[in-house]
Amino acid sequence: MKNTPQKIWKDVAYLSVIFVVSFLMTVFSVACLAKDYLIFSYYEIYLPMTLMVFCIMATLYYYIVKFDKGSEEYVSVLKRCLICYSTIFIAVIVSAVLYSFFTPHSIVISSVTMMVTMLLNKKLGIYSTFVTMGIMLAIFVTCSYVLDIDHFNLDIIGGLLNSMIMSMLMVFFVGREYTRLRLTWGTILLGLVTTPLAGLYSIFGHGVSAVTVGNAIFGRLVGSMLSVAIFIVFLPLYEGIFAVWTNFKLAEVCSPSQPLLKELREKAPGTYNHSVSVANLVESCADAIEINPYMARACAFFHDVGKMKHPEYFTENQKDGKNPHDDLIPEVSVNMITNHVKDGVAILKENHMPDTVIKAAFEHHGDATVPYFYMKAQSITEEQLSNYPYRYNARKPTTKYSALVMICDMCEAILRAKPTDDYEQMRSVVDNVINSKLKEGQFDDCTLTVRDFAIIRDTICDVIPSTLHKRIDYDKAKERR
């Protein structure tokens, strides 16, 4: 497929910015390594070194655009580039300072691995780590050779290899179930385990010496600790700036004490309880089809948050049998119902929620018709009405999370209204929901597969009986006695 002019200019813009970042990284690194901050003192090596760094950095952009497709529906290319390149920039500059003023073994590549893996995904974390190592080799080895050839050594290679080993171990260490404490102490432990390798590299470079081996081990330990420190300090900042949340943050916002959830519980208690039930279903389905259950739960918790603006217009919040729609014409009723999507998006943006959660609130009804009020309007006129004014003015699901919320939202509402203990009947209800949405084309823009739909159906049928379980009638039990 040929690139359009717009796509070409977009690539040119990205690569131009990457070149500028490469130049700045080279200048600052050379200034640190030469211990000379008159930036034009070594102008003759800037261009060739910048070109080397740029070529390495450009491969990361190519990887993000061409191969990191799984993240595209959740995090934009711009955000992924900003996250990756900024963390690499920080790691290279900090490592340059440590290399120049402390020891070549204090390399903080691991901070890139942790940040990118936690904020984006493991594959991109691994690739970013190799890119960082390539940049450090290009800058540090070249500078050591050109600027101080009399004292040139390959200690930096040993430091990079040691840091790379630790980084790769960390990628496999970071799994779905982790806490900040476990991750922090686990990283420190990995640093301690790999630290003796620094002494081994030092022996190869300088021979057996207690001073050089001790310095290498101590330097590697400091590098490990600084990697953890950079991760701890910058992770909350990145979560806030880029609205790309880790599982830590998602767990926090799904807590019952979260202010927005507390407000929803107070203003629209019926909607809150419905959201909790949907969240249990969505989380189980997400786990079954191997997407992030933390993000899925957050999407489900907040998908109907817009209802708290006018809670009385929604059945689950109505009391004493009073229904305000009885006094409204169908067109007004439809507007009151469908506006909760737009209101929810506004509320979530005000609270700086992640894009994926906002998308779920906007897309969980797609552009479907509100059948009750359409039929009500049709019943009071002889003309055949268009269903267009009775549809949600929203977008079809573009992520798996939005599609999951759409399916589980409908299934929970139907099975709560007409509960059944019969598994086949329950399975039929879920199948009808999925098939009806497929026929409407609601899932045309998301990447759910036929296999995913089968897994989702089976998971809902397994989980929902415990969500809508019956309780013992204690009064009747006493009568039997």
Side-chain angles (χ1 to χ4, degrees), residues 268 270-271 274-275 278 281-282 299-300 302-318 323-348 358-418 428-448 450 453 456-457 460:
T271 298
H274 162 71
S275 298
V278 173
L281 290 175
V282 170
C299 290
F302 296 101
H303 77 283
D304 272 343
V305 74
K307 289 183 178 180
M308 67 182 183
K309 191 167 183 179
H310 299 287
E312 68 278 7
Y313 286 96
F314 300 91
T315 308
E316 66 267 24
N317 300 309
Q318 291 167 2
N323 188 343
H325 292 291
D326 294 339
D327 303 322
L328 301 176
I329 60 174
E331 288 80 2
V332 175
S333 291
V334 165
N335 286 334
M336 298 304 297
I337 294 296
T338 58
N339 279 347
H340 84 273
V341 169
K342 179 185 68 177
D343 294 336
V345 169
I347 292 169
L348 293 172
I358 296 172
K359 282 183 181 179
F362 184 59
E363 298 171 352
H364 73 279
H365 286 294
D367 58 0
T369 303
V370 183
Y372 177 82
F373 294 108
Y374 174 66
M375 297 302 295
K376 183 178 179 180
Q378 187 64 68
S379 68
I380 58 178
T381 183
E382 294 180 357
E383 298 180 4
Q384 181 63 39
L385 295 176
S386 167
N387 67 345
Y388 185 79
Y390 302 91
R391 298 169 74 96
Y392 283 92
N393 184 22
R395 186 173 55 205
K396 296 175 182 178
T398 57
T399 71
K400 291 183 178 180
Y401 299 106
S402 298
L404 273 183
V405 174
M406 172 181 279
I407 295 168
C408 294
D409 186 30
M410 285 198 67
C411 289
E412 196 277 341
I414 293 170
L415 291 170
R416 183 174 291 277
K418 295 181 179 180
S428 177
V429 169
V430 180
D431 271 335
N432 287 339
V433 168
I434 293 174
N435 291 333
S436 66
K437 293 302 176 184
L438 281 168
K439 288 178 182 177
E440 292 175 14
Q442 297 296 336
F443 303 130
D444 289 352
D445 298 332
C446 74
T447 55
L448 284 176
V450 174
F453 285 120
I456 291 166
R457 178 198 60 206
I460 291 174

K.L.:
Side-chain donor-acceptor contacts of residues 305-315 below 3.5 Å, not counting sequence neighbours, with atom names and distances?
P.N.:
residue: Lys307; atom: NZ; partner: Asp304; partner atom: OD2; Å: 3.3
residue: Lys307; atom: NZ; partner: Glu316; partner atom: OE2; Å: 3.0

K.L.:
Do the non-hydrogen side-chain atoms of Arg395 and Phe362 ever get within less than 4.5 Å of each other?
P.N.:
yes
K.L.:
Other residues, nucleotides and ligands only: do more than 12 of their heavy atoms fall within 6.0 Å of NZ on Lys376?
P.N.:
yes
K.L.:
Between His365 and Val370, is any pair of side-chain heavy atoms under 4.5 Å apart?
P.N.:
no
K.L.:
Is the shortest side-chain N to carboxylate O distance from Glu412 to Arg416 below 4.0 Å?
P.N.:
yes
K.L.:
Any side-chain donor paired with an acceptor under 3.5 Å for Thr398 and Asp445?
P.N.:
no
K.L.:
On the 0 to 90° scale, with breaks at 30° and 60°, tag the His364-His303 ring pair as parallel, tilted or perpendicular.
P.N.:
perpendicular
K.L.:
So among Val430, Asp431, Asn432, which one has a side-chain contact (heavy atoms from CB on, under 4.5 Å) with Ser428?
P.N.:
Asn432
K.L.:
Could you tell me whether the side chain of Tyr372 reaches within less than 4.5 Å of the side chain of Ile337, counting heavy atoms only?
P.N.:
no
K.L.:
Using a cut-off of 6.0 Å, state whether more than 12 heavy atoms not belonging to Asn393 lie near its atom CG.
P.N.:
no
K.L.:
Has Gln442 got a side-chain atom pairing as donor or acceptor with Pro397's backbone, closer than 3.5 angstrom?
P.N.:
no
K.L.:
When you look at Ile460 and Val433, which way does the side chain to side chain contact (heavy atoms under 4.5 Å, CB included) test go after all the steps?
P.N.:
CA-CA 12 Å; Ile460 291 174; Val433 168; over 6 Å; no
K.L.:
Which residues pass the side chain to side chain contact (heavy atoms under 4.5 Å, CB included) test with Glu383, not counting sequence neighbours?
P.N.:
Thr381
